[in-house]
Student: 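Take this structure first; my questions come after.
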Amino acid sequence: MIGIPVRLKTAVSLVLLGLLTLLAGVGQLTFWAPAETVTASAPGDAKAAPLTVINQSVLTHKGGPTKISVKGDGNFVLAVGRPDDVDAWVGKTAHNSVNGVSEDGKSLQVAGTDGEATAPSPAGSDLWVETENANGQLDYTFTPPASGDWSLLLASDGTKPAPSSVSVTFPNDATMPWAVPLIVIGAILVLAGAALPVVNKFTRGRGKGPRPSDPADGGKADGGKINENTEVDNGTAGEDTKKSAGGGPTLRVSVVAAAVAAALVGGTAAGAQASDTPSPSGSPSASPSGTPGSPSAPVVVDAQLKRILEQVASAVAAGDAARDAAKLAPRVDGAELQVRTQNYKIRSQVATHEARMPVRSSKLLGSVITTQRSWPRTVIAVTQGDGNVVPQVLTLVQASPRENYKLKSASPLQPGTSFPAIPLGGTQQVAAGDKSGLQYSGTEALAALGDRLTKADSAFKDKLVEGTNSPYIADVLDYQASTVKAGANGNFTFTHTPAPADTAVFRTSDGGAVVVGKLDFDFTSKPKADGDTLTVDKAAAVLAGGDSTKVGLVQTFAESVAVYIPPAGSTAPMKLVAAVRGLVGASFK
């Protein structure tokens, strides 16, 4: 009878221990659980600088998304860009760099770099994929706009100190690895304690029978069978001894529960240890070659290109509407600025002179985005909108990091011609003189076009062609021939010379290339004899300052062109893809 209270006490103890263990496990998942996020702040003693850079290592710390809180005086801007673009913009300007997070996760690691005291305002720069403007405070959640590495730039107007009060909130990866094991162990202990009285009741009467020494047998000791009884008694006593050594049902249940608990603890602890070991693929330093941010990343993403095109189209529309070249200057340069400037001047005096084709940002039919991350950078867009009878090929150039893209040329796609297919995700830009894998280099292709436009019997007549419905080469040759035929009292020469500085070559999907560039088309007229007079057409007369000449006239046209170059080994000829000319100068000799 004494065993029953002992067993009940054991059961109660197991249940209580189990409940406490359960409580500990549940507590680690609830009221003892670590915070879901952790916030690190920049130290307040950072030296003031016009720019603050938040580097990739901070943006990717602990995964994402990363929440950034910025406080500053007055207006400021947060810009998102590729790390090399941000570095190029910063240049030699003094700045603070937020490079990492302290080991305790509470502080941001900030390093200062001395340099120039001011910089232009980064607001409105084409380098940025996106920007956020704020006054006083900004709460911003960083989400990568595309794959690869990114950095953030903070600035006021480039002359005042950039915001230095920066805090970054990350997901907290701290875990409570013992929570589940404790819950499992606690449940087992509770179940074991509850089951112990039942098991004990079921097994209590098993193995009991009359023993020779029990009073039920009369307690007799037969002296004639002492050895026999002794053997029996010894056997029975041995069996009882084994039961006692086994501890009975109570001890067996306890041992089983302890063994199961130990196994669970060991397995869970091992699992927790394995999960805490970072896998190689999760290492922040692991970066596949060719990811954006590396030299193979395209220089703009789609959102950037669309924004740039909208601003270019808006500037051109404003200039065309007012016939004011000053309105073009922020977004137009090179041949296109020359042609439109002179076009405005001519049309102010010659009402019948044709206007240039309008520039539209949409519909965007295609693009050529270079992966050349040095400057100058060249990109191409093919668009067709209101007033564009055929698609137009827009060539845009960014001269340096702190300058915006400007339209260098807008040439219509030749009728019946398709623009060559370009690799997705950016394409390689090659040097103008590089012939690797191509029938001709870009320089050779434009020289061939110049020869083809100058001579009706050019050696490139069958090597550089235009589509069946494309009129450009045929029209130029016809114009030159008819001018010579009609000008009985004049001598005429025509040259089409490539401008090397405007040549850009990009690889196409088939291994070939497309080259865009400019030719200077010079048309020189001289009287055949002294005293002869040459009549000057109305457009040239406006620029030359007279409608006739006895000394001669030089007219200069800018020809914006695009030519497809087949890959080496192909039997296909080069093909004129786009072309247009515009009068940019006329002067008497």
Student: Is there a side-chain contact between Leu553 and Lys589, using heavy atoms and a 4.5 Å cut-off?
Tutor: no
Student: Between the main-chain N or O of Asn135 and the side-chain N or O of Asn75, is there a donor-acceptor pair closer than 3.5 Å?
Tutor: no
Student: Heavy-atom distance under 4.5 Å between the side chains of Pro50 and Thr93, does that happen here?
Tutor: yes
Student: Will you find, in the side chains of Tyr472 and Glu559, an N or O donor that is under 3.5 Å from an N or O acceptor?
Tutor: yes
Student: Go through the steps to decide whether Asn55 and Ser57 satisfy the test side chain to side chain donor-acceptor pair (under 3.5 Å), and finish with yes or no.
Tutor: CA-CA 6 Å; Asn55 287 319; Ser57 58; 5.6 Å; no
Student: Take a 6.0 Å sphere around NZ of Lys528 and say whether it holds more than 12 heavy atoms from other residues, nucleotides or ligands.
Tutor: yes
Student: Any donor and acceptor pair, going by atom type alone, linking the side chain of Arg402 with main-chain N or O of Val90 inside 3.5 Å?
Tutor: yes
Student: Walk me through it: do Ile473 and Leu453 pass the test side chain to side chain contact (heavy atoms under 4.5 Å, CB included)?
Tutor: CA-CA 6 Å; Ile473 295 176; Leu453 292 170; 3.9 Å; yes
Student: Strictly by salt bridge (charged side-chain N to carboxylate O under 4.0 Å, His left out), give each pair with a member in residues 345-359 just once, sequence neighbours left out.
Tutor: Glu336-Arg356
Student: Should Leu446 and Val561 count as side-chain neighbours, where that means a heavy-atom distance under 4.5 Å?
Tutor: yes
Student: Quick one: does any side-chain atom of Arg82 pair with a main-chain N or O of Trp150 as donor and acceptor, under 3.5 Å?
Tutor: no
Student: Is the backbone of Pro145 close enough, under 3.5 Å, to the side chain of Glu130 for a donor and an acceptor to pair up by distance?
Tutor: no
Student: How close do Leu337 and Ala325 get, counting heavy atoms only, and between which atoms?
Tutor: CD1-O, 4.3 Å
Student: Please give me the minimum heavy-atom distance between Ala326 and Pro330, naming the atom from each residue.
Tutor: O-CD, 3.8 Å
Student: Is a donor from one side chain sitting under 3.5 angstrom from an acceptor on the other, for Trp375 and Gln398?
Tutor: yes
Student: Going through the checks in order, is the side chain to side chain donor-acceptor pair (under 3.5 Å) test met by Ser314 and Gln311?
Tutor: CA-CA 5 Å; Ser314 178; Gln311 294 178 3; over 6 Å; no
Student: What orientation do Phe494 and Phe492 show, parallel under 30°, tilted 30 to 60°, or perpendicular over 60°?
Tutor: parallel
Student: Quick one, Val393 and Ile380 - any side-chain contact, counting heavy atoms below 4.5 Å?
Tutor: yes
Student: Working to the nearest 0.5 angstrom, can you tell me the gap between Thr371 OG1 and Gln428 CD?
Tutor: 6.5 Å
Student: Given side chains that start at C-beta, do those of Phe419 and Leu365 come closer than 4.5 Å, heavy atoms only?
Tutor: no
Student: Tell me the closest heavy-atom pair linking Val584 and Ala558, and the distance in Å.
Tutor: CG1-CB, 3.9 Å
Student: Going from CG on Leu154 to CG on Leu138, what distance comes out if it is rounded to the nearest 0.5 angstrom?
Tutor: 8.0 Å
Student: Does Ser570 reach the main-chain N or O of Pro567 with its side chain, forming a donor-acceptor pair under 3.5 Å?
Tutor: no
Student: Are the side chains of Leu364 and Val382 in contact, using a 4.5 Å heavy-atom criterion?
Tutor: no
Student: Ignoring hydrogens and geometry beyond distance, is a side-chain donor-acceptor pair present between Lys550 and Thr533 at under 3.5 Å?
Tutor: yes
Student: So, taking the atom named CD1 in Ile68 and the one named CG in Leu59, what distance separates them when rounded to the nearest 0.5 Å?
Tutor: 5.5 Å
Student: Which heavy-atom pair separates Thr503 from Ala432 by the least distance, and what is that distance?
Tutor: CG2-CB, 3.9 Å
Student: Side chain of Ser560, backbone of Ser409: donor and acceptor closer than 3.5 Å?
Tutor: no
Student: Of all heavy-atom pairs between Gln392 and Ala410, which one has the smallest distance, and what is that distance?
Tutor: OE1-CB, 4.1 Å
Student: Between atom OG1 of Thr549 and atom CG of Leu534, what is the distance when rounded to the nearest 0.5 Å?
Tutor: 6.5 Å
Student: Do Asp333 and Tyr405 have a side chain donor and acceptor closer than 3.5 Å?
Tutor: no
Student: Donor-acceptor pair, Asp478 side chain versus Ala481 backbone, under 3.5 Å?
Tutor: no
Student: Begin from the C-alpha positions of Lys363 and Thr383 and carry the test side chain to side chain contact (heavy atoms under 4.5 Å, CB included) through to its verdict.
Tutor: CA-CA 5 Å; Lys363 183 180 179 182; Thr383 66; over 6 Å; no
Student: Counting distance only, does the side-chain N/O of Ser121 pair as donor-acceptor with the main-chain N or O of Ala123 below 3.5 Å?
Tutor: yes
Student: So, Arg373 and Asp85, do they make that salt bridge, N to O below 4.0 Å?
Tutor: yes
Student: Looking at Leu127, is its backbone amide N or carbonyl O close enough to the side chain of Ser125 to form a donor-acceptor pair, meaning the two atoms are under 3.5 Å apart?
Tutor: yes
Student: Ring-plane angle category for His496 and Phe521, please: parallel below 30°, perpendicular beyond 60°, tilted otherwise.
Tutor: parallel
Student: Would you tell me whether Ser441 and Asp434 have side-chain atoms, one donor and one acceptor, within less than 3.5 Å of each other?
Tutor: no
Student: For a quick test of reading the model, state the closest non-hydrogen atom pair linking Asp537 to Gln555 and the distance between them.
Tutor: OD2-OE1, 4.1 Å
Student: Please assess Thr52 against Asn96 for the test side chain to side chain donor-acceptor pair (under 3.5 Å), listing each intermediate value before the final yes or no.
Tutor: CA-CA 5 Å; Thr52 297; Asn96 290 316; 4.6 Å; no
Student: Establish, from distance only, whether the side-chain atoms of Gln384 and Asn388 form a donor-acceptor pair under 3.5 Å.
Tutor: no
Student: Could you state the interatomic distance from CE (Met574) to CG (Leu464), rounded to the nearest 0.5 Å?
Tutor: 4.5 Å
Student: Supply the atom-to-atom distance Leu477 CG to Thr454 OG1, rounded to the nearest 0.5 angstrom.
Tutor: 8.5 Å
Student: Are a donor atom and an acceptor atom from the side chains of Gln372 and Arg377 found within less than 3.5 Å of each other?
Tutor: no
Student: Could you tell me if Thr341 and Gln338 have a donor-acceptor pair between their side chains, going purely by distance under 3.5 Å?
Tutor: no
Student: Atom CG of residue position Asn489 - does it have more than 12 heavy atoms of other residues, nucleotides or ligands inside 6.0 Å?
Tutor: yes
Student: Quick one: does Val80's side chain get under 4.5 Å of Tyr140's, heavy atoms only?
Tutor: yes
Student: Give me the one residue out of Leu305, Val129, Thr370 that meets side chain to side chain contact (heavy atoms under 4.5 Å, CB included) with Val300.
Tutor: Leu305
Student: Keeping the roles fixed (side chain from Thr60, backbone from Gln56), state whether a donor-acceptor pair exists under 3.5 Å.
Tutor: yes
Student: Any heavy-atom pair between the side chains of Pro420 and Ser509 that's under 4.5 Å?
Tutor: no
Student: Does Asp532 pair with Lys526 as a salt bridge, N-O distance under 4.0 Å?
Tutor: no
Student: Checking Asp451 against Ser458: is there a side-chain donor and acceptor pair closer than 3.5 Å?
Tutor: yes
